[in-house]
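Worksheet for the structure shown next.
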Amino acid sequence: MTGRRQSALVDLWSKTGFAAALSEVTGPHLYDYGELPVATVAITLYDVRRHVLIEDGRVRRDGRVAAGRFRIGQPGRKVFVDAVPDVPSGKLLLLYLGDALLRDVGAGQGRSTPIELMDKAWDVDDPFLSLAAQRLVEASEAAHSGQSLLAEQLAYTLALHLSDRYAAPSSASGEHPRDLDAGMRARIADFVRADPGRDITLSDMAKLSGLSPSAFIRSFKRSTGQTPHRFVVEQRVEAAGDLLCDSGMTIAEIALAVGFSSQSHLGTAFRTITGLSPARFRRLKRGEE
């Protein structure tokens, strides 16, 4: 196992049937995955000079693997890897997709059975998957409040993308879930605004709509034009704006009160959405500029 260290990255297994781990590679390494218990997607974020993939005792692939490429390992196969990186260090993201998640994704497409994924071995270039994997690593390593919602959303985004593009023929999509009507959108907005400082999860929001989390993501994006995470951030920024105008709290206190991890975290989100820093927004609203 020389040159390889693996750590848990995201653990939503008990809630959604999804988990992710990150392997940090600093040299040639051997790894015996054993028999895969669930569908396992590996996405390399570094160039591999030589990657020998052995499945059930036979060499499946032997060659270079470029950064951003991925493989989909099938449940029940015994996997062994011998890899030599082309860089001093790099990261490999491992996604574990259990039946609960794949069944939920299938339900979001109008199916009664779990999605089954194709068998892929490093030969597909998928820029979206690579970018989403990098974003998941960044979101999970960040210490910001609200991280669980973003990580959960990214997990479902990856699962939805994989099922849309790489579902086995027998897992063809069914009907799309319904759109969220104005009343339901208002109910979800009220739920978020009631306490923007708490840790709001995707499952919480989906439960209000009576949809599965994966179906909720599709319906929410189609109905509002934005992701659930973006919506929650906007509601938190709006709540912060109210407190900046109507309270004597410091900006740091306001940040924590509305669900941001720090004054800096609030500042970044506030400028992104309003174009102003919290301090300048407060001065303008108080007529001090």
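Hydrophobic clustering, with ILVMFWY side chains joined whenever heavy atoms are under 4.5 angstrom apart, keeps Leu95 apart from Phe128. By the criterion of side-chain heavy atoms lying less than 4.5 angstrom apart, applied directly or through intervening Ile, Leu, Val, Met, Phe, Trp or Tyr residues, Leu162 is not grouped with Leu131; the two fall into different hydrophobic clusters. No chain of hydrophobic side-chain contacts below 4.5 Å, direct or via other Ile, Leu, Val, Met, Phe, Trp or Tyr residues, connects Val84 to Ile54. Hydrophobic clustering (side-chain heavy atoms under 4.5 Å, transitive across Ile, Leu, Val, Met, Phe, Trp, Tyr) groups Trp122 together with Tyr46. Val233 is connected to Leu276 through a chain of hydrophobic side-chain contacts under 4.5 Å among Ile, Leu, Val, Met, Phe, Trp and Tyr, so both are in one cluster.
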For this session: Evaluate the side chain to side chain contact (heavy atoms under 4.5 Å, CB included) criterion for residues Asp246 and Lys285: first the C-alpha distance (whole Å), next the side-chain angles of each, then the deciding distance (0.1 Å), finally the verdict.
Result: CA-CA 10 Å; Asp246 303 329; Lys285 290 297 183 179; over 6 Å; no
For this session: Begin with the C-alpha distance, continue with both residues' side-chain angles, and end with the deciding distance and a verdict on side chain to side chain contact (heavy atoms under 4.5 Å, CB included) for Tyr96 and Leu36.
Result: CA-CA 9 Å; Tyr96 301 98; Leu36 300 182; 5.9 Å; no
Exercise. How far apart are the C-alpha atoms of Arg77 and Thr40, what are their side-chain angles, what is the distance that settles it, and do they pass the side chain to side chain contact (heavy atoms under 4.5 Å, CB included) test?
Worked result: CA-CA 10 Å; Arg77 292 190 184 172; Thr40 304; over 6 Å; no
For this session: Check the pair Asp119 / Arg60 against side chain to side chain contact (heavy atoms under 4.5 Å, CB included), numbers first and verdict last.
Result: CA-CA 11 Å; Asp119 188 0; Arg60 169 75 184 278; 3.2 Å; yes
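Within the cation-pi definition used here (under 6.0 Å to the ring centroid, within 45° of the axis), Arg71 qualifies as a partner of Tyr33. Cation-pi check for Arg198 over Phe191 is met; the charged atom lies under 6.0 angstrom from the ring centroid and within 45 degrees of its normal.
Ion pairing of Asp126 with Lys120 is absent here, as no side-chain N (NZ or NE/NH1/NH2) approaches a carboxylate O to less than 4.0 Å.
Side-chain contact check for Ile217 versus His229: every heavy-atom pair is 4.5 Å or farther apart. Between Ser247 and Arg282 there is a side-chain heavy-atom pair separated by less than 4.5 Å. Between Ile254 and Pro278 the shortest side-chain heavy-atom distance does not fall below 4.5 Å. In this structure the side chain of Phe80 reaches within 4.5 angstrom of the side chain of Leu30, judged on heavy atoms. Contact annotation: the side chain of Phe281 approaches that of Cys245 to within less than 4.5 Å [non-hydrogen atoms, C-beta and beyond]. Considering only heavy atoms from C-beta on, Arg50 stays 4.5 Å or farther from Arg64 through its side chain. Asp99 is not listed as a side-chain neighbour of Val38, based on a closest heavy-atom distance of 4.5 Å or more.
Between Ala133 and Leu93, the shortest heavy-atom distance links the atoms CB-CD2, 3.5 Å. Ala66 and Thr44 make their closest contact through O-CG2, 3.4 Å (heavy atoms, listed as atom of the first residue, atom of the second, distance). When all heavy atoms are compared, the tightest approach of Gly17 to Ala100 is CA-CB, 4.2 Å. When every heavy atom of Arg236 is checked against every heavy atom of Pro196, the shortest pair comes out as NE-O, 2.7 Å. The two residues Asp181 and Met184 come nearest to each other via the heavy atoms OD1-N, 2.7 Å. Taking both residues in full, the closest heavy atoms of Leu102 and Ala39 are given as CD1-CB, 4.4 Å, listed atom of the first, atom of the second, then distance.
Summarising the geometry, atom OG belonging to Ser203 is positioned 11.0 Å from atom CE belonging to Met205; distances are rounded to the nearest 0.5 Å. Taken from OG in Ser277 to CG in Leu266, the straight-line distance is 10.0 Å, to the nearest 0.5 Å. Here the CD1 atom belonging to Ile43 is positioned 14.0 Å from the NZ atom belonging to Lys91, to the nearest 0.5 angstrom. With rounding to the nearest 0.5 Å, the separation of CD in Glu253 from CG in Leu243 is 10.5 Å. Annotation: the span from Arg103 atom CZ to Leu97 atom CG amounts to 14.0 Å, rounded to 0.5 Å. To the nearest 0.5 Å, the span separating CG on Leu180 from CZ on Arg185 amounts to 7.0 Å.
For CZ of Arg283, the number of neighbouring non-hydrogen atoms (other residues, nucleotides, ligands) closer than 6.0 Å is greater than 12.
Looking at Asp86, its side chain never comes within 3.5 Å of a backbone N or O of Val48 through a donor-acceptor pair. Within the 3.5 Å criterion, the main-chain N or O of His51 finds no donor-acceptor partner in the side chain of Arg61. Not one N or O on the side chain of Glu24 forms a donor-acceptor pair closer than 3.5 Å with the backbone of Leu92.
Listed by chain and number, the residues in a ring-ring contact (aromatic ring centres under 6.0 Å, His included) with Phe220 are Phe216, Phe231 (sequence neighbours excluded).
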